[in-house]
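What follows is one structure encoded as structure tokens, with my remarks underneath.
Counting convention: from 1, in listed order, for ligands and their atoms alike.
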Amino acid sequence: MKILSADQTRAADAFTIQEENIASFELMERAASAFTAWFENKFTPTQDVYIFCGPGNNGGDGLAITRLLHQRCYTVQVYLAGDPANASEDFKYNHQKLPTEIALRHVEHESDFPAIPAAALVIDALFGTGLNRTVTGLYASLINHLNQSAACITAVDMPSGLYTDKQTPTEGAIIRAKYTVSFELPKLAFFLPQHEAYVGQWHVVPISLSPTFISEATTNLYFTTAADIQHLLKSRPKFSHKGLYGHALLLCGGFGKMGAAVLAARACMRAGVGLLTVHAPAIGYAILQNSVPEAMALSDKHKNHIANLPSDIEKYNVIGVGPGMGTERVTKTAIGQLLATCKQPLVLDADAINIIAGSEKLKNQLRNHEVILTPHPKEFERLIGKSKNDYDRLQDMLEFCREYSCYIVLKGSQTAIGTPEGNLYFNTTGNAGMATGGTGDVLTGIITALVAQKYTLEEACILGVYLHGLAADLALPDVGKVSMIASDLIDYLPKAFLQVARTSA
Ligand SMILES: NC(=O)C1=CN([C@@H]2O[C@H](COP(=O)(O)OP(=O)(O)OC[C@H]3O[C@@H](n4cnc5c(N)ncnc54)[C@H](O)[C@@H]3O)[C@@H](O)[C@H]2O)[C@H](O)CC1
Ligand SMILES: [K+]
């Protein structure tokens with residue numbers, strides 16, 4: 001699914017209004033009704049509701065929501081910050097439609113700020129996608145006042161004070177919403193870790209914006225949904241044999257870190273690879289054969305670290321490298337040999353990335369391969385350098401993908417996938433239970449298995465990251481966030497595949 005900019009969203013509004021020959025206030029009514037349906041499903045009318053409106057259409061939404069909630073027996077107080085004379089046409093339209101028993105109270109001074117009970121519900125309809133400068137003055141004081149109340153804040157479309165799709169100056173005041181309910185499509189701002197405190201949990205409600213406009217809109221920003229994933233998963237013909245599903249090689253493991261190799265190997269098998277061979281240091285040979293009997297094992301001549309490559313490396317159709325591997329000199333030499341000789345697609349994780357990050361020569365050799373890199377933010381920083389903020393980090397990532405013609409899976413609370421063509425895909429599955437050792441090794445195994453099965457590198461990244469997070473979401477009710485471990489993701493991977501297959505049937 002596409003992520004549209006603020007300007008594109010405004011254009012989508014205009015296109016929809018014209019295409020359907022409706023008035024703009026009718027589209028606002030759709031937005032307000034969709035928000036109200038979400039709100040009504042979340043909160044019963046037992047708590048007082050305080051709605052704060054700005055002078056634009058975000059505020060217009062707020063007035064329409066006031067009317068709709070009042071009709072549904074919520075106790076609502078509504079406040080306007082800003083000059084009503086400058087209000088938008090649709091704001092004025094909804095102002096006139098306010099029930100007479102509801103007074104629109106003007107906030108002109110800090111003394112007009114209402115005391116907000118901790119148990120109250122606040123709806124932020126000050127600014128949405130029309131924010132065009134840093135919030136200062138009375139608006140800033142009001143935002144700080146709302147943030148300081150213990151009330152649960154739900155933002156309409158955007159948390160006020162946050163830009164939709166570009167870096168928000170840090171000195172501005174920004175609403176810290178517990179929920180953000182946006183219209184039709186999520187905004188880029190929702191996917192950046194630095195905004196989590198402002199956006200809270202984001203939800204999207206449909207308002208039937210023109211599908212024609214959306215399908216024709218150009219963007220390089222996407223987020224993955226179950227619908228997007230459905231057509232990716234390949235079906236398996238009845239007369240299958242393991243040769244059809246690739247033979248992967250994993251180069252991984254090291255003294256004290258053989259668990260990473262076991263996790264990557266188990267995940268690779270569970271993700272459907274036909275055959276798997278794991279090449280690990282000698283100390284890992286028995287561990288692997290005992291822990292992952294489904295995989296074949298090769299023992300490096302070196303006892304504790306990977307120092308050599310298998311002599312028949314050309315027989316594998318994908319090579320996953322890095323989990324638990326370490327950055328010993330002998331291993332660096334092996335990685336240099338791998339990049340200089342192998343022709344297969346590579347999935348490089350963890351210490352394989354750290355080794356490459358330390359050598360311009362190795363980095364330049366990435367250009368000669370089909371490569372997926374799966375760094376976490378620290379490994380990413382070692383590879384590309386420190387970015388000023390999350391927006392710049394995404395641009396830096398795309399620049400690297402383009403320059404080295406590679407794919408990057410930047411792991412995080414909403415993993416981002418960069419492609420050599422300059423596209424960005426944000427994942428939408430997963431949870432905080434995944435913040436535990438070994439989940440990265442599991443992802444490497446999954447992506448390696450998908451490349452072995454002839455998914456394109458882009459498909460393997462998008463599908464692998466989605467399934468990895470979905471497995472964690474399926475595990476959550478049984479194991480919880482605190483007790484979740486990387487092995488749970490492997491154990492629930494079958495269910496994740498089955499769920500995607502069921503929806504694609
Ligand atoms: N398709 C949709 O998503 C729909 C969204 N709707 C709602 O419309 C708003 C966008 O409305 P718009 O009038 O363009 O902008 P805002 O209401 O966000 O604010 C504009 C208003 O505020 C002034 N302003 C901007 N920045 C500041 C600032 N820092 N300080 C003071 N004043 C500021 C600006 O000059 C304008 O006067 C969208 O978010 C949705 O909520 C539609 O309801 C339906 C379709
Ligand atoms: K808002």
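The K ion (ligand 2) lies at the vertex of an angle of 100° between the O atom of Asp124 and the OG atom of Ser160 (rounded to 10°). Rounding to the nearest 10°, we obtain 70° for the angle at the K ion (ligand 2) between Met158 O and Val156 O.
Taking Glu399 as the reference, Arg402 meet the salt bridge (Lys or Arg N to Asp or Glu O under 4.0 Å) condition, with sequence neighbours excluded. Every residue meeting the side chain to side chain contact (heavy atoms under 4.5 Å, CB included) condition with Glu196, not counting sequence neighbours, appears here in chain and number order: Ser413.
The aromatic ring centroids of Phe127 and Tyr139 lie less than 6.0 Å from each other. In this structure, His195 has its ring center closer than 6.0 angstrom to the ring center of Tyr391.
Remark: distances from the non-hydrogen atoms of Ile207 to ligand 1 include one below 4.0 Å.
Residues Ile17 and Glu26 have side chains not in contact (no heavy-atom distance under 4.5 Å, counting atoms from C-beta outward).
Near Val135, meaning under 4.0 Å from one of its heavy atoms, ligand 1 places the atoms 29 (N). For ligand 1 and Tyr139, the ligand atoms under 4.0 Å from any heavy atom of the residue are 31 (C). Distances below 4.0 Å separate heavy atoms of Leu209 from the following atoms of ligand 1: 1 (N). Of all the atoms in ligand 1, the ones that sit under 4.0 Å from a non-hydrogen atom of Leu131 are 18 (O), 25 (C), 26 (N), 29 (N). For ligand 1 and Thr9, the ligand atoms under 4.0 Å from any heavy atom of the residue are 1 (N), 2 (C), 3 (O). For ligand 1, the atoms lying closer than 4.0 Å to a non-hydrogen atom of Gly128 are 16 (P), 18 (O), 39 (O).
Checking each of Thr129, Asp165, Thr9, Asp157 against Lys187 for a side chain to side chain donor-acceptor pair (under 3.5 Å) leaves exactly one that passes, namely Asp157. The ring pair (Phe, Tyr, Trp, His ring centres under 6.0 Å) with Tyr179 is formed by just one residue from the set Trp38, Phe39, Phe190, Tyr198; it is Trp38.
Listed for the Tyr407 side chain is no donor-acceptor partner under 3.5 Å among the backbone atoms of Ala460. For Asn147 (side chain) and Arg176 (main-chain N/O), a donor-acceptor pair under 3.5 Å exists by modelled atom type. A donor-acceptor pair is defined here as one N or O able to donate and one able to accept, closer than 3.5 Å; such a pair exists between the side chain of Asn389 and the backbone of Asp392.
With hydrogens left out, the protein atom closest to atom 17 (O) of ligand 1 is Asn58 N, 2.8 Å, a heavy atom. Counting protein heavy atoms only, atom 33 (C) of ligand 1 is closest to Phe127 CE2, 3.4 Å. Counting protein heavy atoms only, atom 38 (C) of ligand 1 is closest to Asp157 OD2, 3.1 Å. Of all protein heavy atoms, the one lying nearest to atom 10 (C) of ligand 1 is Thr129 OG1, 3.3 Å. The nearest protein atom to atom 20 (C) of ligand 1, hydrogens excluded, is given as Gly130 O, 4.0 Å; this is a heavy-atom distance. Among all protein heavy atoms, the one lying closest to atom 7 (C) of ligand 1 is Asp61 OD2, 3.1 Å.
Protein heavy atoms all stay at least 4.0 Å away from atom 36 (C) of ligand 1.
Looking at Asn57, Asn132, Asp13 and measuring to atom 34 (C) of ligand 1, the nearest heavy atom belongs to Asn132. Summarising the contacts of atom 29 (N) of ligand 1 with Arg133, Met28, Lys187, the nearest heavy atom is found in Arg133.
For Thr134, every heavy-atom contact with ligand 1 shorter than 4.0 Å involves the backbone, none the side chain.
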Could you go through the salt bridge (Lys or Arg N to Asp or Glu O under 4.0 Å) check for Arg67 and Glu29 one step at a time? CA-CA 11 Å; Arg67 168 171 37 88; Glu29 195 68 15; 2.8 Å; yes
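Taking 3.4 Å as the threshold, Phe127 counts as a candidate ligand of the K ion (ligand 2), since one of its N, O or S atoms lies below it.
By the neighbour-count criterion of 12 heavy atoms within 6.0 Å, atom NZ of Lys178 is sparsely surrounded, having that number or fewer from other residues, nucleotides or ligands.
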